[in-house]
Novice: 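The structure under discussion is supplied below as structure tokens; questions concerning it will follow.
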2 protein chains.
Amino acid sequence: MADVTTSGEALLFLTDEQLRKGIEAMFFAYRGFTADPDRILADLEYGRAHHRALHFINRSQGTTVNNLLAVLGVTKQSLNRVLRTLIADGLVESRVGRKDRRERHLYLTARGAELERQLSEAQRARMRAAYRAAGPQAVAGFRQVLEAMMDETMRAQYHALKDGKS
Amino acid sequence: MADVTTSGEALLFLTDEQLRKGIEAMFFAYRGFTADPDRILADLEYGRAHHRALHFINRSQGTTVNNLLAVLGVTKQSLNRVLRTLIADGLVESRVGRKDRRERHLYLTARGAELERQLSEAQRARMRAAYRAAGPQAVAGFRQVLEAMMDETMRAQYHALKDGKS
DNA sequence: CAGTTTAAGTCAGCGTTGTTGACTTTCCAA
DNA sequence: TTGGAAAGTCAACAACGCTGACTTAAACTG
């Protein structure tokens with residue numbers, strides 16, 4: 001990696017104007033990022049919170065409610081409302097823990113997995129197009145900046161998920 | 001810039017696993033992105049919507065409600081509620097248009113500008129730290145990918161704002 | 001084994017911020 | 001001059017965050 005971080009250039013780069021551009025880029029891009037799944041969800045009377053739950057349950061099948069709470073960063077009351085509808089609608093299954101019977105382990109049903117796939121494919125399609133348009137080097141930079149922007153606890157979650165393959 | 005976009009590497013890069021990492025990076029990073037202003041706003045009994053309104057009014061002083069609607073991508077009823085409280089609290093001033101008296105032109109008051117500065121400085125500080133940590137080359141890639149991820153209409157807004165230096 | 005802690009879930013209630021529908025005021029063009 | 005379109009406002013509703021108080025069940029601990 002050619003390092004062009006001379007202090008002169010680096011300082012020049014961090015004008016308030018440059019930072020504002022980055023802030024607005026995040027704002028507009030995040031809208032695009034959520035737009036496609038949102039359209040699918042609207043028809044099903046679900047919201048973004050349902051998508052997030054499906055995503056992370058799929059990501060870590062058998063995760064507990066408590067784990068999910070930590071990843072999503074919401075209160076259990078808030079998550080519970082979402083989880084209850086997903087279970088009632090037969091998209092998520094909740095199994096009592098074998099070792100610790102207080103815990104509930106969460107799994108996607110076949111239908112839940114199908115919806116998750118549909119939602120994430122819409123999101124991946126956009127991400128794929130953006131990656132193709134920007135090129136691999138840009139993607140590496142994109143990921144570096146995003147990671148640097150996370151809170152420490154979120155970065156831990158991010159890396160924890162990175163490895164756990166199934 | 002050393003270009004490593006050979007078609008083999010580019011294809012290798014776009015596995016579903018790589019795309020999922022990008023999706024989760026966006027999710028976690030956006031939380032960090034909004035965390036600092038959110039803390040300030042919570043004390044003031046304002047929300048993220050107020051922050052966005054202040055940001056874009058500051059960005060384009062004298063803009064109309066309709067312009068703001070297009071940039072923010074919400075309904076006018078939704079924006080109106082936020083605007084009403086900001087006006088009532090003396091942070092925003094609404095002036096009847098001189099040419100077209102149906103229009104309202106929006107300006108920040110001194111107090112409004114002060115809050116906007118406080119909020120955006122918190123956000124800029126995080127962005128600045130992330131930029132410093134990742135380096136100028138990564139920042140360029142970050143901006144490229146974000147821009148490619150926007151909807152076409154949002155990209156137009158993004159570029160329109162880019163130039164207009166108050 | 002009694003007492004405490006932990007995991008999960010429920011109920012009630014509230015705030016922000018999206019939505020749609022109905023309305024007024026203002027402008028402009030047929 | 002009248003009728004439609006545009007700008008903005010008001011009312012009501014839904015999604016989804018939040019806090020607080022509580023229950024149930026299981027696990028741990030002294």
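So you know, we letter chains A, B, ... as the sequences are listed, proteins then strands, and number each from 1.
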Novice: Determine the contact category for A:His50: base if any of its heavy atoms lies under 4.0 Å from a base atom, sugar-phosphate if only primed atoms, P, OP1 or OP2 are that close, otherwise nothing.
Specialist: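 Sugar-phosphate only.
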Novice: Can you give me the first and the last nucleotide of DNA chain D (5' to 3') that has an atom within less than 4.0 angstrom of a non-hydrogen atom in chain B?
Specialist: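 Footprint of chain B along DNA chain D, 5' to 3': D:dA5 to D:dA12.
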Novice: Does the separation of the ring centres of A:Phe56 and B:Phe27 fall below 6.0 angstrom?
Specialist: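 Close enough - the centres of the two rings lie under 6.0 Å apart.
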Novice: Going by heavy atoms closer than 4.0 Å, what residues in residues 86-104 of chain B are next to DNA chain C?
Specialist: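 The stretch gives B:Asp100, B:Arg101, B:Arg102 as the residues lying under 4.0 Å from the strand, ordered by number.
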Novice: Do the side chains of A:Leu86 and A:Asp89 get nearer than 4.5 Å, heavy atoms only?
Specialist: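 SC-SC contact between A:Asp89 and A:Leu86 ruled out.
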Novice: Do B:Leu108 and B:Leu115 come close enough that some side-chain heavy atom pair is under 4.5 Å?
Specialist: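 Of all side-chain heavy-atom pairs linking B:Leu115 with B:Leu108, none is under 4.5 Å.
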Novice: Does a side chain donor of either A:Glu116 or A:His51 reach within less than 3.5 Å of an acceptor in the other side chain?
Specialist: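 Their side chains do not contain a donor-acceptor pair, so the 3.5 Å distance test is not met.
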Novice: With no hydrogens and no angle check, do the side chains of B:Arg20 and A:Ser120 hold a donor and an acceptor under 3.5 Å apart?
Specialist: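 Checked: B:Arg20/A:Ser120 side chains show no N/O donor-acceptor pair below 3.5 Å.
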Novice: Walking along DNA chain C from 5' to 3', note the first and the last nucleotide with an atom under 4.0 Å from a heavy atom of chain A, and give both.
Specialist: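 Reading along DNA chain C, I get C:dT6 to C:dC11.
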Novice: Heavy atoms only, 4.0 Å cut-off, all strands: where does B:Arg81 land among base, sugar-phosphate and nothing?
Specialist: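 Base contact.
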Novice: Here's a test of your reading of the structure: between A:Tyr46 and B:Leu69, which maps to the more 5' nucleotide of DNA chain D?
Specialist: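 In this pair, the answer is B:Leu69.
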Novice: What residues, two or more places apart in sequence or in another chain, satisfy side chain to side chain contact (heavy atoms under 4.5 Å, CB included) together with B:Arg101?
Specialist: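 Testing B:Arg101 for side chain to side chain contact (heavy atoms under 4.5 Å, CB included), a comparison that skips the adjacent residues, returns B:Val96.
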Novice: A:Glu24 and B:His55: which non-hydrogen atoms are nearest, and at how many Å?
Specialist: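 Looking at all heavy atoms of both residues, the shortest contact is OE2-NE2, 2.7 Å.
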Novice: Going by heavy atoms in the side chains, are B:Tyr46 and B:Val82 under 4.5 Å from each other?
Specialist: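 B:Tyr46 does not reach B:Val82 side chain to side chain.
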Novice: Apply side chain to side chain contact (heavy atoms under 4.5 Å, CB included) to B:Glu103 and list each qualifying residue two or more places apart in sequence or on a separate chain.
Specialist: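 Side chain to side chain contact (heavy atoms under 4.5 Å, CB included) check on B:Glu103 returns B:Thr64, B:Asp100, B:His105.
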Novice: Between A:Glu114 and A:Arg111, is the closest basic N to carboxylate O distance under 4.0 Å?
Specialist: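 The answer is no: the pair does not qualify as a salt bridge.
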Novice: Does the B:Ser78 side chain pair with the main chain of B:Thr75, one donor and one acceptor, at a distance under 3.5 Å?
Specialist: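 Pair absent, no side-chain N/O of B:Ser78 close to backbone of B:Thr75.
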Novice: What residues in residues 72-79 of chain B put a non-hydrogen atom under 4.0 Å from any atom of DNA chain C?
Specialist: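 The stretch gives B:Val74, B:Thr75, B:Gln77, B:Ser78 as the residues lying under 4.0 Å from the strand, ordered by number.
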Novice: Any ion pair linking B:Arg124 and B:Asp36 (charged N to carboxylate O, less than 4.0 Å)?
Specialist: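 Judged by the 4.0 Å cut-off on N to carboxylate O distance, B:Asp36 and B:Arg124 do not form a salt bridge.
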Novice: Check A:Asp151 with B:Arg31, please: is the shortest side-chain N to carboxylate O separation under 4.0 Å?
Specialist: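 So B:Arg31 does not pair with A:Asp151 through a salt bridge.
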